[in-house]
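Since the structure comes first, as structure tokens, the remarks are kept for the end.
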There are 2 protein chains.
Amino acid sequence: MSAITVSRALREPARVAEETRRAVLRAIARLGYVPDLVAGALASRRSRIVGAIVPTIAGAMFADTVQGMSDAVHAEGYQLLLGAHGYDLGAELALVQAFIGRRADGLIVTGVQHAPATRRILAASGLPVVETWDIGRRPLDMIVGFSNFRAARAMAEYLLARGYRRLAFISGPLRAHDRSRPRRDGFRAGARHAALVELHMTDGSDMRSGAKAIVELLARDPKVDAAFFVNDTMAAGALMECTRRGWPTPGRVAIAGFGDFEVAAAVAPALTTVRISGYEIGRRAALMLTARLAGKEVSHAIVDLGFEVVARDSA
Amino acid sequence: MSAITVSRALREPARVAEETRRAVLRAIARLGYVPDLVAGALASRRSRIVGAIVPTIAGAMFADTVQGMSDAVHAEGYQLLLGAHGYDLGAELALVQAFIGRRADGLIVTGVQHAPATRRILAASGLPVVETWDIGRRPLDMIVGFSNFRAARAMAEYLLARGYRRLAFISGPLRAHDRSRPRRDGFRAGARHAALVELHMTDGSDMRSGAKAIVELLARDPKVDAAFFVNDTMAAGALMECTRRGWPTPGRVAIAGFGDFEVAAAVAPALTTVRISGYEIGRRAALMLTARLAGKEVSHAIVDLGFEVVARDSA
DNA sequence: ATGAAAGCGCTAACAC
DNA sequence: GTGTTAGCGCTTTCAT
């Protein structure tokens, strides 16, 4: 029996006689044969690999997204090649190049800001690409996310509606290319003429830096009555710090977060936040990509998953 | 100029004349040539891919580990193929097969419990393998982790030393093959003759189920004075629930967690826990693997990263 | 329903 | 320091 028959028995069972197919399967089981997908990829020019690039895997923000991508990609018979760029666009470029060199069938990247060289290479590769965690007028190709600007603006409006008058926006380092900036801009837009102080911590956006931030904020401007944090992790850290110091929230200062991470509903008092689903972003991005790869017309190349202000006790 | 010269200019610049090398680089830049690593892998029989399998990516437990693997693997010039099996050994087998079929140069798996077929295939493949998050007498090949049994036992001894007399062990579903069981066994061993109640929540091991668990526990046995949770996420959820109900911790009940996740130090009261480093486990596992692949003798095939009981305020 | 021939794009091995 | 030859293990294409 020739190699091609084995290949067909595995990939297109219908095109092989029932008896032949069974013989092949028996032999495979006996010999412990494992098809070489590398050779297959070279010959067929399809690797069944999806490359995914996130800023970071640790932390509640993108871990869910990676999980969503992993689940969807494996369900569709693909494998996930993963890279983290640490908010460095140069590192993102290197990863894109490496993944293209690996002949990934498609790529998922985070955000809409990329180095010019990255855009160029991506376009030249002709690969399907999904951008995530944002919504842009002109995606590279496909995009799934939500408007960070509008989400943050909605939170500012919510806080104003609740009667808070002196607002603060708190984030980690404000980079040119992450999602802190549109959130800051959106919050500014929503704050309108209300007093607004901004604080950008240089040492991260984790719970500890949230705790430091709330103390620093109130030292700098004791009259602030509501603080919006760029993510729930920071916000929860701030909330705990207030508890520790006996500052009631929202009595002393109201606190709001972003993301509706697990911690948001669990802390006491429960955290007012903006709900978005990282898992769903990852899942949808992967499904759009694999649908396109299966030759299906992807009608909605721009998927806005939206957001929702979740009013809880902290603000 | 022949193809092999280009290949050498890229992979072993020293073996090519300086001038030739520069000409190659210029041409590559001009043409936008991207070497096909799939073809390279087929020809050289080395893919420079590391396959990694974790139970889940979401959640504080393994996200750090994946980050550590990603960082180390990329630093060593490899790519990371990632899969999550959701605590299903059958799914683990499927991933192992797929990664071997992809001709990964080595594999990182979680834990020491694997389906017989998985062990067989792994052995037959001859690939270097690192098991993680545990320590076993007889690893498949290499292993990096710590003793879950001893870590949990140490926590029981700590609680006893602090004067608690009626202990509880709380986990999510107790599977045959995850790390809840050795922790439970270790805690039992450490509890000796002290009263011990065990509670296994069926619906997960997240903050919400931790919150439910502490209520259920104290309803069932109001005299319990210290509860040890299988991870910090559950413990933090329980802690918050106590705060919400006005139950002082440790006044009403002491609470201890496992992992020293970010949340442990940040909650109020700060959480007593067992410190281990998921990031370091991932990083070391990847480095052991790449060292072996580089032909280096890996002297310590068994790396015990240890643990440390961190006494804070909650217990 | 099955097979033969060719070749995917690279690198190992061996010249020169 | 560079080139030639062969072949990695599959799949494509075209026959039969």
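Letters A, B, ... are given to chains in the order of the sequence lines, protein chains preceding strands, and every chain is numbered from 1.
- Rounded to whole angstrom, the span from the CD1 atom of I4(B) across to the P atom of dG3(D) amounts to 10 Å.
- Residue pairs satisfying the salt bridge (Lys or Arg N to Asp or Glu O under 4.0 Å) criterion with at least one member in residues 43-61 of chain A, sequence neighbours excluded, are absent.
- Residue I135(A) comes nearest to S147(A) through the heavy atom pair CG1-N, 4.2 Å, listed as atom of the first residue, atom of the second, then distance.
- Residues in residues 280-292 of chain B take part in these side-chain hydrogen bond (donor to acceptor under 3.5 Å, both in side chains) pairs, two or more places apart or across chains: D141(B)-R292(B), E280(B)-R283(B).
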Cut-off 3.5 Å, no hydrogens considered: what does the side-chain donor-acceptor table look like for residues 115-128 of chain B, sequence neighbours left out?
from: R119(B); atom 1: NH2; to: V112(B); atom 2: O; distance (Å): 3.0
from: S125(B); atom 1: OG; to: L122(B); atom 2: O; distance (Å): 2.6
from: S125(B); atom 1: OG; to: L127(B); atom 2: N; distance (Å): 3.1

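- For R11(B), there are no salt bridge (charged side-chain N to carboxylate O under 4.0 Å, His left out) partners two or more places apart in sequence or in a different chain.
- Using modelled atom types, one side-chain atom of E131(A) and one backbone atom of L140(A) make a donor-acceptor pair closer than 3.5 Å.
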Check: residues 64-71 of chain B side-chain donor-acceptor pairs under 3.5 Å, at least two apart:
from: T65(B); atom 1: OG1; to: W133(B); atom 2: NE1; distance (Å): 3.2
from: T65(B); atom 1: OG1; to: G278(B); atom 2: O; distance (Å): 3.0
from: Q67(B); atom 1: OE1; to: T56(A); atom 2: OG1; distance (Å): 2.9
from: Q67(B); atom 1: OE1; to: I57(A); atom 2: N; distance (Å): 2.7
from: Q67(B); atom 1: OE1; to: A58(A); atom 2: N; distance (Å): 3.0
from: Q67(B); atom 1: NE2; to: D71(B); atom 2: OD1; distance (Å): 3.1
from: S70(B); atom 1: OG; to: H74(B); atom 2: ND1; distance (Å): 3.4
from: D71(B); atom 1: OD2; to: Y279(B); atom 2: OH; distance (Å): 2.5

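- Judged by distance alone, the side chain of T132(A) and the main-chain N or O of G145(A) form no donor-acceptor pair under 3.5 Å.
- In terms of the salt bridge (charged side-chain N to carboxylate O under 4.0 Å, His left out) criterion, E19(A) has no residue partners (sequence neighbours excluded).
- In terms of modelled atom types and a separation under 3.5 Å, the side chain of S7(A) and the main chain of A3(A) share no donor-acceptor contact.
- Side-chain atoms of D105(B) and S47(B) include a donor-acceptor pair closer than 3.5 Å.
- You can see that DNA chain C meets the heavy atoms of chain A within a 4.0 Å-exclusive cut from dA1(C) to dG9(C), reading 5' to 3'.
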Show the distances under 3.5 angstrom between N or O atoms of the protein and N or O atoms of nucleotides 6-9 of chain D.
from: dC8(D); atom 1: O3'; to: R45(B); atom 2: NH2; distance (Å): 2.9
from: dC8(D); atom 1: O2; to: A43(B); atom 2: N; distance (Å): 3.4
from: dG9(D); atom 1: OP1; to: R45(B); atom 2: NH2; distance (Å): 2.7
from: dG9(D); atom 1: N2; to: A39(A); atom 2: O; distance (Å): 3.4

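- Using a 4.0 Å cut-off on heavy atoms, none of the residues of residues 18-28 of chain A approach DNA chain D.
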Return the polar atom pairs (N/O with N/O) between nucleotides 14-16 of chain D and the protein under 3.5 Å, or none.
none

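- Sorted by first and then second residue, the ring-ring contact (aromatic ring centres under 6.0 Å, His included) pairs with a member in residues 80-112 of chain B form an empty list; sequence neighbours excluded.
- Residue pairs meeting the side-chain hydrogen bond (donor to acceptor under 3.5 Å, both in side chains) criterion with at least one member in residues 28-38 of chain A, sequence neighbours excluded, are D36(A)-R103(B).
- Atoms CD (E12(B)) and C1' (dG1(D)) sit 12 Å apart, rounded to a whole Å.
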